[in-house]
J.: 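This is the structure I want to talk about, given as structure tokens.
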Amino acid sequence: MPEQIKEQTKELKVDDIKAAAEEKGCPVQKALYFVNEFLAGPMCGRCFPCMMGSYEARIRLQNLVEGRGSDADVLALGRIAADMVEASFCKKGKDTGRFILDWIATGVYKEHAEGHCPDMQCQALIEYRIIPGKCISCGACKNACKFLAIHGEQGKSYKSGYLPFEIRQLRCTRCGECIKVCPTGAVVLVAAKASEPVGV
Ligand code: SF4
Ligand code: SF4
Ligand code: SF4
């Protein structure tokens, strides 16, 4: 394949990765997806700012997505991305830095450092919970959960004092099946750090 066509193919790949990243709701997830795919594909490793910047950006982004993030990660990402724009040898590295800066500019990175994903997409930062006052003890959520993460007893007219339905957070994989089947809207998605469920 002639050199020029090869280069065009790589350029298209960066655009394709960016388009796929934009389909994710959370701007931190967008950047992590982009950097993972960039490292797996078009990043050629010929210059230090782009190669090391991408690897370090991935670590910082993983920290934010997985609930270990801090303000230091957000600051470092801004510095890494600015260096990539400034010093990368080619457009691919410079574009990567620009994309990361644009995603940081949404303002949600700092919220992730505080343990909150406003798009409710980072699984380490969210929880499914059952609002006791809305639960009619029908058992649909327990039947839908493949991970045995819900305990509770179905209500029976002849019995009182049965076990209320609850989600065991350590077993929950955040698959979301329980929220789909609950007939009363008693299952809600909340920020893991929230003391009260949202939308109550
Ligand atoms: S900026 Fe371009 S040349 Fe440098 S590592 Fe990235 S893709 Fe390769
Ligand atoms: S989100 Fe999935 S794993 Fe968690 S309790 Fe609901 S059904 Fe079970
Ligand atoms: S599906 Fe909803 S109403 Fe039924 S037991 Fe689960 S939380 Fe309660």
Side-chain angles (χ1 to χ4, degrees), residues 3-4 6-18 31 34-58 80-101 117 120-157 159 161-192 194 197-200:
E3 210 46 48
Q4 195 186 357
K6 263 196 220 162
E7 208 44 53
Q8 281 170 355
T9 309
K10 286 181 189 172
E11 291 299 334
L12 277 177
K13 183 109 187 276
V14 169
D15 290 345
D16 292 345
I17 296 169
K18 173 69 161 41
F34 182 90
V35 170
N36 272 331
E37 295 299 311
F38 182 60
L39 281 167
M43 203 286 295
C44 73
R46 271 181 289 185
C47 72
F48 188 79
C50 173
M51 180 180 66
M52 292 310 292
S54 299
Y55 280 114
E56 192 186 345
R58 177 160 71 180
I80 293 162
D83 287 350
M84 288 176 80
V85 174
E86 180 72 26
S88 292
F89 284 2
C90 82
K91 184 174 181 302
K92 288 179 284 182
K94 289 180 187 296
D95 279 351
T96 299
R98 280 190 206 103
F99 299 154
I100 294 173
L101 287 175
C117 173
M120 292 289 190
Q121 287 184 343
C122 293
Q123 297 202 344
L125 306 181
I126 58 171
E127 280 180 6
Y128 287 84
R129 288 191 205 155
I130 293 173
I131 305 170
K134 285 191 175 179
C135 177
I136 56 170
S137 300
C138 69
C141 56
K142 188 174 175 178
N143 293 337
C145 180
K146 297 187 188 84
F147 304 95
L148 305 177
I150 299 179
H151 63 159
E153 284 179 290
Q154 216 167 329
K156 293 184 178 67
S157 55
K159 192 178 168 198
Y162 40 82
L163 199 63
F165 280 79
E166 261 184 281
I167 295 173
R168 294 177 173 118
Q169 297 301 331
L170 291 178
R171 294 192 80 121
C172 176
T173 63
R174 278 78 165 160
C175 73
E177 288 305 310
C178 51
I179 207 166
K180 292 182 200 161
V181 299
C182 178
T184 64
V187 183
V188 290
L189 189 54
V190 301
V198 289
V200 182

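The first residue in the sequence is number 1, and the count goes up from there. Order of listing sets the numbers, starting from 1, for every ligand and every atom in it. Source: prediction; values computed, not measured.
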J.: Counting non-hydrogen protein atoms only, what is the nearest one to atom 2 (Fe) of ligand 1? Give residue, atom name and distance.
T.: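 The answer is Cys90 SG, 2.3 Å.
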J.: If every non-hydrogen atom of Val181 is compared with every non-hydrogen atom of Ala144, which pair is closest and at what distance?
T.: CG2-CB, 3.8 Å
J.: Report yes or no: does Cys182 have an N/O/S atom closer than 2.8 Å to atom 2 (Fe) of ligand 3?
T.: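 Short answer: yes, at least one N, O or S atom is under the cut-off.
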J.: Quick check on contacts: which atoms of ligand 1 are under 4.0 angstrom from a heavy atom of Met43?
T.: 5 (S)
J.: For Thr184, take its heavy atoms, then give the atoms of ligand 3 lying under 4.0 Å from any of them.
T.: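 Near Thr184, meaning under 4.0 Å from one of its heavy atoms, ligand 3 has 3 (S).
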J.: Side chains of Glu37 and Lys13, heavy atoms from C-beta outward: is any pair under 4.5 Å?
T.: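 Of all side-chain heavy-atom pairs linking Lys13 with Glu37, none is under 4.5 Å.
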J.: Please check this pair: side chain of Gln154 against backbone of Cys138, looking for a donor-acceptor N/O pair closer than 3.5 Å.
T.: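 Indeed, once roles are kept as given, a pair shorter than 3.5 Å links the two residues.
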J.: At a 4.0 Å threshold, what atoms of ligand 3 neighbour a non-hydrogen atom of Phe165?
T.: 5 (S)
J.: Kindly give the heavy-atom pair with the smallest separation between Met43 and Tyr55, and that separation in Å.
T.: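 Heavy-atom minimum between the residues: CE-CE1, 4.4 Å.
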J.: Compare all side-chain heavy atoms of Val85 with those of Leu101 and state whether any distance is below 4.5 angstrom.
T.: yes
J.: Quick one: closest heavy-atom pair of Gly185 and Ile131, and the distance?
T.: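 Distance-wise, the nearest heavy atoms are O-CD1, 4.4 Å.
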J.: Go through ligand 2 atom by atom and flag the ones less than 4.0 Å from a non-hydrogen atom of Phe147.
T.: 3 (S)
J.: Indicate yes or no: at least one non-hydrogen side-chain atom of Arg171 is less than 4.5 angstrom from one of Phe147.
T.: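 When only atoms from C-beta onward are counted, Phe147 and Arg171 do not touch, as no gap falls below 4.5 Å.
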J.: Between Lys92 and Asp95, does any side-chain N to carboxylate O distance fall below 4.0 Å?
T.: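 The answer is no: the pair does not qualify as a salt bridge.
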J.: Suppose I only count heavy atoms of Ile167 and a 4.0 Å limit; which atoms of ligand 2 are within that range?
T.: 5 (S)
J.: Within the distance-only criterion (no hydrogens, no angle test), does the side chain of Lys94 pair as donor or acceptor with the backbone N or O of Ser88 below 3.5 angstrom?
T.: yes
J.: For atom 1 (S) of ligand 2, what is the nearest protein heavy atom, given as residue, atom name and distance?
T.: Gly176 N, 3.2 Å
J.: Give the atom numbers and elements of ligand 1 that come within less than 4.0 Å of a heavy atom of Cys44.
T.: 3 (S), 5 (S), 7 (S), 8 (Fe)
J.: Can you list the ligand 3 atoms lying under 4.0 Å from a non-hydrogen atom of Val187?
T.: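 Ligand 3 atoms under the 4.0 Å threshold to Val187: 7 (S).
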J.: Considering heavy atoms of the protein only, find what lies nearest to atom 6 (Fe) of ligand 3 and give residue, atom and distance to 0.1 Å.
T.: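 Nearest protein contact, heavy atoms only, for atom 6 (Fe) of ligand 3 is Cys141 SG, 2.3 Å.
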J.: Quick one: look up the protein heavy atom nearest atom 5 (S) of ligand 3 and list residue, atom name and how far away it is.
T.: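 It is Gly139 N, 3.3 Å.
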J.: Which atoms form the tightest heavy-atom contact between Val35 and Ser54, and what is the distance?
T.: CG1-O, 3.3 Å
J.: Are any non-hydrogen side-chain atoms of Ile17 and Pro42 less than 4.5 angstrom apart?
T.: yes
J.: Show me which atoms of ligand 2 lie under 4.0 Å from any heavy atom of Thr173.
T.: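 Listed by number with element, the hits are 3 (S), 4 (Fe).
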J.: Looking at Ile150, which atoms of ligand 2 are within less than 4.0 Å of one of its heavy atoms?
T.: 5 (S)
J.: Heavy atoms only: give me the nearest Pro49-Asp83 pair and the separation to one decimal.
T.: CB-O, 4.3 Å
J.: Any idea which atoms of ligand 1 are less than 4.0 Å away from a heavy-atom of Arg46?
T.: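 The list of qualifying atoms is 5 (S), 8 (Fe).
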J.: Distance check below 2.8 Å: does Cys172 bring an N, O or S atom to atom 8 (Fe) of ligand 2?
T.: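 Not a single backbone or side-chain N, O or S atom of Cys172 is under 2.8 Å from atom 8 (Fe) of ligand 2.
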J.: Between Glu127 and Arg174, is there a donor-acceptor pair closer than 3.5 Å when you use the side chain of the first and the backbone of the second?
T.: no
J.: For residues Ile80 and Glu56, report the shortest heavy-atom separation together with the two atoms involved.
T.: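 For Ile80 versus Glu56, the nearest heavy atoms are CD1-CD, 3.5 Å.
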J.: Students should be able to answer this: which protein heavy-atom is nearest to atom 3 (S) of ligand 3, and at what distance?
T.: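 Going atom by atom, the protein heavy atom closest to atom 3 (S) of ligand 3 ends up being Ile136 N, 3.4 Å.
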J.: Measuring from atom SG of Cys182 to atom CZ of Phe165, what distance do you get when rounded to the nearest 0.5 angstrom?
T.: 10.5 Å
J.: Using a 4.0 Å cutoff against the non-hydrogen atoms of Ser88, which atoms of ligand 1 qualify?
T.: 1 (S)
J.: With heavy atoms of Cys50 as the reference, note each atom of ligand 1 found under 4.0 Å away.
T.: 1 (S), 4 (Fe), 5 (S), 6 (Fe)
J.: Check ligand 3 against Pro183 and write out every atom of the ligand that is under 4.0 Å from a heavy-atom position of the residue.
T.: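 It comes down to these atoms of ligand 3: 1 (S).
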J.: What protein heavy atom is closest to atom 8 (Fe) of ligand 3, reported as residue, atom name and distance in Å?
T.: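 Ranking protein heavy atoms by distance from atom 8 (Fe) of ligand 3, first comes Cys135 SG, 2.3 Å.
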J.: Among protein heavy atoms, which sits nearest to atom 4 (Fe) of ligand 3, and what does the distance come to when rounded to 0.1 Å?
T.: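 Looking only at protein heavy atoms, the one closest to atom 4 (Fe) of ligand 3 is Cys138 SG, 2.3 Å.
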J.: May I ask you to check whether Cys47 brings an N, O or S atom to under 2.8 Å from atom 4 (Fe) of ligand 1?
T.: yes
J.: Check each atom of ligand 2 against the heavy atoms of Cys178 and keep those under 4.0 Å away; list them by number with element.
T.: 1 (S), 5 (S), 6 (Fe), 7 (S)
J.: Enumerate the atoms of ligand 1 whose separation from the nearest heavy atom of Gly93 is less than 4.0 angstrom.
T.: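 With Gly93 as reference, the close atoms of ligand 1 come out as 1 (S).
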